[in-house]
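Below is one structure, written out as structure tokens, with a few remarks after it.
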Amino acid sequence: MDPLNSARVLLGVSGGIAAYKAAALTSTLVQSGATVDVIMTAAAERFITPLTFSSLTARPVYTSLWDAPERIPHIRLVREAQVFIVAPASANVIAKIATGIADDLLTTALLASRIPIVVAPAMNSAMYERSETKRNIDALRERGIEIVEPESGFLAEREIGQGRLASEERLLDAIRRSLARTRQLQGKRVLVTAGPTVEALDPVRHFSNPSTGAMGIALAREAAQRGADVTLILGPTLLAPPPNVRTVAVKEAREMYEATMREVPADLVIAAAAVSDWRPAERFDQKLPKGSKDLNVRMVRNPDVLQALGDRKDGAFLVGFAAETESHQAHASEKLRKKNLDAIALNDVSGERGFGLQESSLTLLWRDGGELNLGSGAKEMLAARLLDAIGPRLNEDADAARD
Ligand code: CTP
């Protein structure tokens with residue numbers, strides 16, 4: 001079945017001569033069985049009227065944050081839709097998305113959106129080629145937004161250049177891809193461990209590590225966006241967990257172990273937590289006076305959450321993380337084998353790179369020996385690429401189990 005059939009599409013139309021092509025796109029979407037809501041910017045209304053879109057969709061068209069009687073249409077519209085496409089996207093709208101400006105209904109809805117976003121730029125080639133625009137488009141890409149590049153050809157200014165809105169076929173392909181993404185993990189139970197663990201010595205001192213949990217939180221959010229039922233087991237962090245995910249807050253490794261064991265079985269487990277390998281053998285109820293002597297603390301091993309899951313291997317697709325400072329591939333492959341995993345994401349933390357940075361770089365090593373470089377960039381983007389890679393394997397495994 002065509003994924004467009006019965007899909008909920010939100011279409012943002014910004015100012016540009018290509019706005020008329022958005023009407024043709026709307027018509028095709030409606031004929032394919034999609035329900036389309038349209039948001040127009042004030043500039044778009046200079047090129048084409050809301051009546052065109054409301055006639056095509058048989059639904060109201062939204063042009064202002066202040067349309068009576070609804071107070072907050074931007075939140076409802078992005079919650080009801082499965083995919084958000086902006087076509088045509090002007091240089092101005094792209095710049096606003098890149099910097100988080102929300103000064104009209106379209107940009108406010110984009111900022112509030114947690115659904116996949118597709119952006120199809122259309123502008124004069126001089127504007128498209130500017131370094132500012134290129135930088136803004138790259139910023140969108142890094143955030144996981146799909147860009148449908150404009151085409152070369154005859155522009156409104158009666159000159160030839162790159163800036164024409166992509167063909168309808170390419171726009172529809174991008175919408176179909178995003179819809180498939182939103183359904184990729186539907187019906188799957190996903191468990192993610194994230195963050196550091198904190199091992200107390202006394203009421204005011206502890207052992208921990210600099211993990212922020214950002215990678216695991218990004219993975220949990222992305223999995224939920226793809227339709228999964230997600231549980232996030234999260235060590236202490238200042239970052240907020242995603243709202244559409246069930247979060248279990250833990251402190252120590254032993255709590256993380258117990259919480260994880262309570263939550264399995266799952267279809268996919270991603271262990272992104274930086275679990276403290278040791279804890280103080282003795283934990284003092286009162287603050288230790290510092291005195292004048294050195295302190296020797298005996299540390300004992302913590303349970304290995306992922307090892308325990310690998311040992312019981314009850315049908316879940318198991319993904320581990322390996323943060324390595326040297327002999328990266330060899331160490332990661334060894335962990336993959338030892339912990340009985342299906343894949344391991346190798347994260348190079350040598351030199352300047354390390355925990356807690358907004359950016360990271362990952363390579364995925366598969367159980368069967370293959371590897372996939374996921375590149376480097378924002379953790380949100382890496383989370384999306386990681387699930388792009390793992391999703392099909394998960395479904396392969398489920399298919400094989402049914403045969
Ligand atoms: N892990 C875990 N429980 C632990 C330690 C690690 O679940 N007590 C998981 C991590 O979440 C990660 C993977 O195991 O997915 C690899 O962790 P890492 O600390 O890099 O590997 P170790 O096996 O602990 O090896 P080493 O510390 O010797 O490098």
Side-chain angles (χ1 to χ4, degrees), residues 190-200 206-220 223 230-237 248-266 268-281 299-314 316-350 353-356 360-367 371 374 379 382-383 386-387 389-390:
V190 175
L191 187 61
V192 180
T193 69
T197 64
V198 168
E199 313 292 334
H206 66 234
F207 292 86
S208 189
N209 62 63
S211 165
T212 58
M215 190 69 226
I217 289 173
L219 281 161
V230 185
T231 302
L232 173 66
I233 302 189
L234 184 61
T237 172
V248 181
V250 296
K251 283 203 187 86
E252 299 175 2
R254 283 178 298 179
E255 284 176 68
M256 184 170 275
Y257 176 86
E258 276 155 27
T260 305
M261 293 306 151
R262 268 198 305 274
E263 293 297 332
V264 285
L268 167 64
V269 181
I270 306 179
V275 186
S276 308
D277 289 315
W278 299 277
R279 67 175 180 277
M299 305 287 283
V300 293
R301 278 299 309 268
N302 266 329
D304 189 317
V305 185
L306 190 53
Q307 182 73 58
L309 293 174
D311 289 345
R312 55 190 264 176
K313 196 69 177 145
D314 53 6
F317 194 96
L318 284 186
V319 183
F321 270 76
E324 305 293 347
T325 53
E326 54 165 6
S327 309
H328 311 107
Q329 307 282 88
H331 283 167
S333 308
E334 174 57 18
K335 280 174 195 171
L336 180 127
R337 197 194 54 73
K338 194 178 78 193
K339 298 196 182 186
N340 198 14
L341 309 179
D342 297 288
I344 195 156
L346 166 60
N347 185 358
D348 178 0
V349 290
S350 59
R353 290 176 276 205
F355 288 112
S360 191
S361 68
L362 289 182
T363 303
L364 208 48
L365 308 184
W366 301 108
R367 187 190 188 93
E371 68 172 72
L374 300 178
K379 289 181 177 171
L382 290 171
L386 197 141
L387 290 179
I390 285 170

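Just so you know, ligand 1 is whichever comes first in the structure, and atom 1 is the first atom listed for that ligand.
- For atom 29 (O) of ligand 1, the candidate residues are Lys335, Met256, Glu334, Arg301; the nearest heavy-atom contact is made by Lys335.
- The shortest N/O to N/O separation between Gly320 and ligand 1 does not fall below 3.5 Å.
- Of the possible polar contacts, none joining the Arg254 side chain to the Asn302 backbone as a donor-acceptor pair under 3.5 Å is found.
- Between Lys313 and Asp342 a salt bridge is recorded (basic side-chain N to carboxylate O distance below 4.0 Å).
- To the nearest 0.5 angstrom, Leu309 atom CG is 8.5 Å from Tyr257 atom OH.
- For the ligand labelled ligand 1, residue Ala273 lies inside the 4.0 Å heavy-atom shell.
- Considering backbone and side-chain atoms alike, Val305 places an N or O below 3.5 Å from some N or O of ligand 1.
- For the residue pair Gln329 and Glu324, no side-chain donor N or O sits within less than 3.5 Å of a side-chain acceptor on the partner.
- Counting protein heavy atoms only, atom 23 (O) of ligand 1 is closest to Lys339 NZ, 2.9 Å.
- Counting heavy atoms closer than 4.0 Å to ligand 1, residue Ile344 contributes nothing at all.
- Of all atoms in ligand 1, numbered sequentially from 1 with element shown, those under 4.0 Å from a heavy atom of Leu306 are 2 (C), 7 (O), 9 (C), 13 (C), 14 (O), 15 (O).
- One distance of note links CG of Leu364 with CD1 of Ile344; it measures 9.5 Å at 0.5 Å rounding.
- For atom 27 (O) of ligand 1, the nearest non-hydrogen atom of the protein is Asp277 OD2, 3.4 Å.
- Regarding atom 4 (C) of ligand 1, its nearest protein heavy-atom neighbour is Val275 CB, 3.4 Å.
- Within the model, atoms NZ of Lys339 and CG of Leu318 stand 11.0 Å from one another, a figure rounded to the nearest 0.5 Å.
- Here the closest heavy-atom approach between residue Leu386 and residue Ala345 is recorded as CD1-CB, 4.1 Å.
- Among protein heavy atoms, the minimum distance from atom 8 (N) of ligand 1 is reached at Pro303 O, 3.0 Å.
- Counting heavy atoms under 4.0 Å from ligand 1, residue Glu324 does not touch it at all.
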